[in-house]
Amino acid sequence: DQQVKQNSPSLSVQEGRISILNCDYTNSMFDYFLWYKKYPAEGPTFLISISSIKDKNEDGRFTVFLNKSAKHLSLHIVPSQPGDSAVYFCAASAYNNNDMRFGAGTRLTVKP
Amino acid sequence: SQTIHQWPATLVQPVGSPLSLECTVEGTSNPNLYWYRQAAGRGLQLLFYSIGIDQISSEVPQNLSASRPQDRQFILSSKKLLLSDSGFYLCAWSVKRGRGKNIQYFGAGTRLSVL
């Protein structure tokens, strides 16, 4: 079953505007959430994370928001830059598990 | 600092041939190790993970197997490749799960084409 879902396969935004990528999960045991960025033919690189005890984490242009009651998290990129164009994966893990579940990814295109 | 090496970067193999992909981690001990596959246009599918030497958990029944002969070495194998085994294979590592962070760090990946 797909415990982590990214329902938007692609997103296109103008340079300088905000990019909002969304992710939903079903497993209430998940307590740590991550966003990875992936360029073609490369491995994903860790971008930002958030623990379930928080509802917001900010790192420069990147902010992750967590809504536990809705089982929803989002990644905001402000301002968006052409170099942000990549596939973004949402991931989640549970305290008592060693593995991690990934969403299908959202391809972000930032147009100059 | 920790680094993860995965090779080869690209591999073209005929149907029915064997497969061996290797992954090694440096700069850490007793890591968790993972093999993922990304099929074309799809997300990351966890294939195997290992919490220690010779301790392998399989997520999906398939034509592949994994082994961990040494603490920081993880090998993905197949005796006979199928066309459906084509994809982008990724190795990853993480520290042992504890309260708080559980971040996986990925290798550069292997593009496998089975023809």
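Numbers restart at 1 for each chain; the letters A, B, ... are given by sequence-line order, proteins then strands.
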Just one of A:Phe89, A:Tyr39, A:Tyr36 clears the ring-ring contact (aromatic ring centres under 6.0 Å, His included) bar with B:Phe106, so which one? A:Tyr36

Please find the pair of heavy atoms, one from B:Leu90 and one from A:Gly43, that lie closest to each other, and give the distance. CD2-CA, 3.6 Å

Rounded at 0.5 Å granularity, tell me how far CE in A:Met100 sits from CG in B:Asn32. 10.0 Å

When hydrophobic residues are tied together by side-chain contacts of less than 4.5 Å, even through go-betweens, does B:Val15 share a cluster with B:Leu21? yes

B:Leu47-B:Leu11 co-clustered via ILVMFWY side chain contacts under 4.5 Å: yes

What's the spacing between B:Leu46 CG and A:Arg101 CZ if we round to 0.5 Å? 6.0 Å

Shortest non-hydrogen contact from B:Gln104 to A:Phe102? OE1-CE1, 4.4 Å

Can you measure from CG (B:Leu44) to NZ (A:Lys38) and round to the nearest 0.5 angstrom? 7.5 Å

Let me check something: do B:Leu64 and B:Ile75 share a hydrophobic cluster, defined by ILVMFWY side-chain heavy atoms less than 4.5 Å apart, either directly or through other members? no

What about A:Leu108 and A:Phe62, same hydrophobic cluster or not, with Ile/Leu/Val/Met/Phe/Trp/Tyr joined at side-chain heavy-atom distances under 4.5 Å? yes

In terms of hydrophobic clustering (I, L, V, M, F, W, Y; side-chain heavy atoms under 4.5 Å; direct or indirect links), are A:Phe65 and A:Ile77 co-clustered? no

